[in-house]
Chemist: 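Just passing along the structure, written as structure tokens.
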Amino acid sequence: MADRKLQIAIYWGAACGGCDVAVLDTDEFVLEVAELADIRFWPIAVDGKYADVERMTDGELDLALFNGAVRNSENQHIAELLRRKAKVMVALGSCAHLGGIPGLANETSRDEIFHRAYLQNPSLEEGNVAMPVAEKQVAMGTLQIPHFHRAVQRLSDVVDVDYFVPGCPPAPAQIKAVLLAVVKSELPAPGSVVGASDRALCDECQRVKEEKKVERFRRPWQVIQDPKKCLLEQGIICAGSVTRAGCGVRCPDSGMPCRGCYGPPPNVKDQGAKLISAVGSVVASRDADEIDRVLNEIPDIMGYAYRFGLPASTLQRSRRSF
Ligand code: SF4
Ligand code: SF4
Ligand code: SF4
């Protein structure tokens with residue numbers, strides 16, 4: 001146990017707030033954390049300012065938990081700042097780990113996003129032509145807003161990350177495990193994925209696989225499912241074979257397919273490509289055109305394949321430009 005209080009920062013980049021809520025979901029443990037640690041910066045809960053962090057000496061923080069992806073220059077600035085100030089930098093949750101749901105924006109371009117949000121959005125006044133600019137001169141001086149990057153990045157694309165805690169959001173028990181490991185100085189080797197297994201989710205799922213083939217795929221609500229049998233073999237796309245175990249099989253145990261939020265296990269290089277291959281392998285027909293036809297019927301197959309990790313995909317990384 002540390003003989004002084006740990007110094008901690010928690011930050012959200014391009015995030016939904018769910019990871020911050022997961023920290024609060026550790027229930028009374030969060031109070032124990034308050035006993036063990038000074039939370040020096042946590043925008044969602046503590047009124048710290050960026051300048052407070054800038055004034056810290058390098059390495060003054062023991063731990064920075066960064067959730068959310070890196071979408072703009074502000075996210076990047078704080079990621080770099082916290083990296084300098086913290087001895088241990090943790091990517092918390094799917095967005096920081098792999099790009100997450102915000103990473104799906106990389107299917108399109110910055111210009112298309114701005115066009116849709118500022119020119120075609122039905123909640124805007126008709127005829128609006130105002131678009132945001134990073135810098136504007138006004139009578140009082142220069143107004144600045146963060147620069148919107150061309151693409152969403154993972155935290156590890158902009159700074160060195162010591163540990164990754166997967167999940168959307170991570171289970172509170174995982175967050176607790178990371179905090180306790182820091183308190184007890186029992187962290188694993190840098191670069192590790194913490195609080196998850198190296199096995200695939202299918203290895204822990206109790207649903208039975210019978211090598212059944214399917215004619216087509218449906219949404220979960222379109223199928224009266226057998227609760228004991230594999231969802232994929234019932235025509236419901238489940239990413240269990242290409243996803244790291246560790247969540248306790250949360251979704252399949254509740255009748256919902258795994259969407260892959262823990263990211264790929266170590267033996268899977270590209271989670272989306274592998275999922276498409278797994279889905280294709282359960283199609284009844286072995287005719288390539290028929291397999292293509294069945295796969296093409298799936299609405300938004302990219303959204304299924306890369307729900308949490310488009311910025312981490314091989315496809316994406318071969319055409320990166322920020
Ligand atoms: S990982 Fe999930 S819960 Fe966490 S910020 Fe991203 S979208 Fe929200
Ligand atoms: S594909 Fe899904 S439902 Fe089937 S065994 Fe794997 S995790 Fe379970
Ligand atoms: S079952 Fe899959 S999508 Fe659901 S929490 Fe676990 S890893 Fe995430």
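Numbering of ligands and ligand atoms starts at 1, following listing order.
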Chemist: Could you tell me whether ligand 3 has any atom less than 4.0 Å away from a heavy atom of Cys168?
Modeler: no
Chemist: Salt bridge or not between Glu54 and Lys49? Use side-chain N to carboxylate O under 4.0 Å.
Modeler: no
Chemist: Provide, to 0.1 Å, the distance between atom 3 (S) of ligand 2 and the closest protein heavy atom, together with that atom's residue and name.
Modeler: Leu231 N, 3.2 Å
Chemist: Parallel, tilted or perpendicular, judged at 30° and 60°: which one describes the rings of Tyr50 and Tyr11?
Modeler: perpendicular
Chemist: Among all protein heavy atoms, pick out the one at the shortest distance from atom 4 (Fe) of ligand 2; state its residue, atom name and that distance to 0.1 Å.
Modeler: Cys230 SG, 2.4 Å
Chemist: Considering only non-hydrogen protein atoms, determine which one is nearest to atom 5 (S) of ligand 3 and report residue, atom name and distance to 0.1 Å.
Modeler: Arg250 NE, 3.4 Å
Chemist: Does only the side chain of Cys251 get under 4.0 Å from ligand 3, or the backbone, or both, or neither? Count heavy atoms.
Modeler: both
Chemist: What atoms of ligand 3 come closer than 4.0 angstrom to any heavy atom of Gly260?
Modeler: 2 (Fe), 3 (S)
Chemist: Can a side-chain donor-acceptor contact be found between Gln225 and Gln234 if the only test is distance below 3.5 angstrom?
Modeler: no
Chemist: Without swapping roles, check the side chain of Asp203 against the backbone of Arg199 for a donor-acceptor pair under 3.5 Å.
Modeler: no
Chemist: In plain terms, say whether Lys209 and Glu233 are close enough for a salt bridge, that is, a side-chain N and a carboxylate O under 4.0 Å apart.
Modeler: no
Chemist: Among protein heavy atoms, which sits nearest to atom 8 (Fe) of ligand 1, and what does the distance come to when rounded to 0.1 Å?
Modeler: Cys16 SG, 2.2 Å
Chemist: Can you list the ligand 3 atoms lying under 4.0 Å from a non-hydrogen atom of Leu201?
Modeler: 1 (S)
Chemist: To the nearest 0.1 Å, how far is atom 7 (S) of ligand 3 from its closest protein heavy atom, and which atom is that?
Modeler: Tyr262 CD1, 3.5 Å
Chemist: In the protein, what heavy atom is nearest to atom 2 (Fe) of ligand 2, and what distance, to one decimal place, separates them?
Modeler: Cys238 SG, 2.3 Å
Chemist: Quick one: nearest non-hydrogen protein atom to atom 6 (Fe) of ligand 1, plus distance?
Modeler: Cys95 SG, 2.3 Å
Chemist: Has Gly100 got any heavy atom lying under 4.0 angstrom from an atom of ligand 1?
Modeler: no
Chemist: Identify, by atom number and element, the atoms of ligand 3 in contact range of Pro252, meaning under 4.0 Å from any of its heavy atoms.
Modeler: 1 (S)
Chemist: So does Asp52 pair up with Arg55, basic N to acidic O under 4.0 Å?
Modeler: yes
Chemist: Go through ligand 3 atom by atom and flag the ones less than 4.0 Å from a non-hydrogen atom of Cys247.
Modeler: 1 (S), 5 (S), 6 (Fe), 7 (S)
Chemist: May I ask you to decide if Val283's main-chain N or O and Arg286's side chain share a donor-acceptor pair within less than 3.5 Å?
Modeler: yes
Chemist: Heavy-atom contacts under 4.0 Å between Lys209 and ligand 2: side chain, backbone, both, or neither?
Modeler: side chain
Chemist: Does ligand 2 have a heavy atom under 4.0 Å from the side chain of Cys205, from its backbone, from both, or from neither?
Modeler: side chain
Chemist: In ligand 2, which numbered atoms sit nearer than 4.0 Å to a non-hydrogen atom of Arg207?
Modeler: 3 (S)
Chemist: In terms of atom number and element, which parts of ligand 1 are under 4.0 angstrom from non-hydrogen atoms of Pro169?
Modeler: 3 (S)
Chemist: Any ion pair linking Glu290 and Arg293 (charged N to carboxylate O, less than 4.0 Å)?
Modeler: yes
Chemist: If you round to the nearest 0.5 Å, how far is NZ of Lys274 from OG1 of Thr243?
Modeler: 12.5 Å
Chemist: Return the minimal non-hydrogen interatomic distance between Pro188 and Val194, and the atom names on each side.
Modeler: CG-CG2, 4.2 Å
Chemist: Please report which non-hydrogen protein atom sits nearest to atom 1 (S) of ligand 1, along with the residue it belongs to and the distance in Å to one decimal place.
Modeler: Ser94 N, 3.4 Å
Chemist: Should you measure from each heavy atom of Gly167, which atoms of ligand 1 turn up under 4.0 Å away?
Modeler: 1 (S)
Chemist: Just which atoms of ligand 3 are under 4.0 Å from any heavy atom in Thr243?
Modeler: 7 (S)
Chemist: Using a strict 4.0 Å threshold on nitrogen-to-oxygen distance, state whether Asp58 and Lys85 make a salt bridge.
Modeler: yes
Chemist: In ligand 2, which numbered atoms sit nearer than 4.0 Å to a non-hydrogen atom of Gly240?
Modeler: 7 (S)
Chemist: At less than 4.0 angstrom from any non-hydrogen atom of Cys202, what atoms of ligand 2 do you find?
Modeler: 1 (S), 5 (S), 6 (Fe), 7 (S)
Chemist: Check each atom of ligand 1 against the heavy atoms of Ala15 and keep those under 4.0 Å away; list them by number with element.
Modeler: 5 (S)
Chemist: Nearest 0.5 angstrom please: His97 NE2 to Ser156 OG, how far?
Modeler: 8.0 Å
Chemist: Within 45 degrees of the ring normal and closer than 6.0 Å to the centroid, is that where the cationic atom of Arg116 sits relative to Phe114?
Modeler: no
Chemist: Could you list which atoms of ligand 1 come closer than 4.0 Å to a heavy atom of Gly18?
Modeler: 3 (S), 8 (Fe)
Chemist: So Arg244 and Asp198, salt bridge (charged side-chain N to carboxylate O under 4.0 Å, His left out) or not? Walk me through it.
Modeler: CA-CA 6 Å; Arg244 194 183 275 276; Asp198 281 352; 3.0 Å; yes
Chemist: Given the ring of Phe148, does Arg110 sit roughly above its face, with NZ or CZ under 6.0 Å from the centre of the six-membered ring and within 45° of the axis?
Modeler: no
Chemist: Taking 4.0 angstrom as the limit and counting only heavy atoms of Cys19, give me the atoms of ligand 1 inside it, by number and element.
Modeler: 1 (S), 3 (S), 4 (Fe), 5 (S)
Chemist: Okay, side chain of Asp162, backbone of Pro190: is any donor-acceptor separation there less than 3.5 Å?
Modeler: no
Chemist: Checking only N/O/S atoms, does Cys258 have one that is under 2.8 Å from atom 4 (Fe) of ligand 3?
Modeler: no
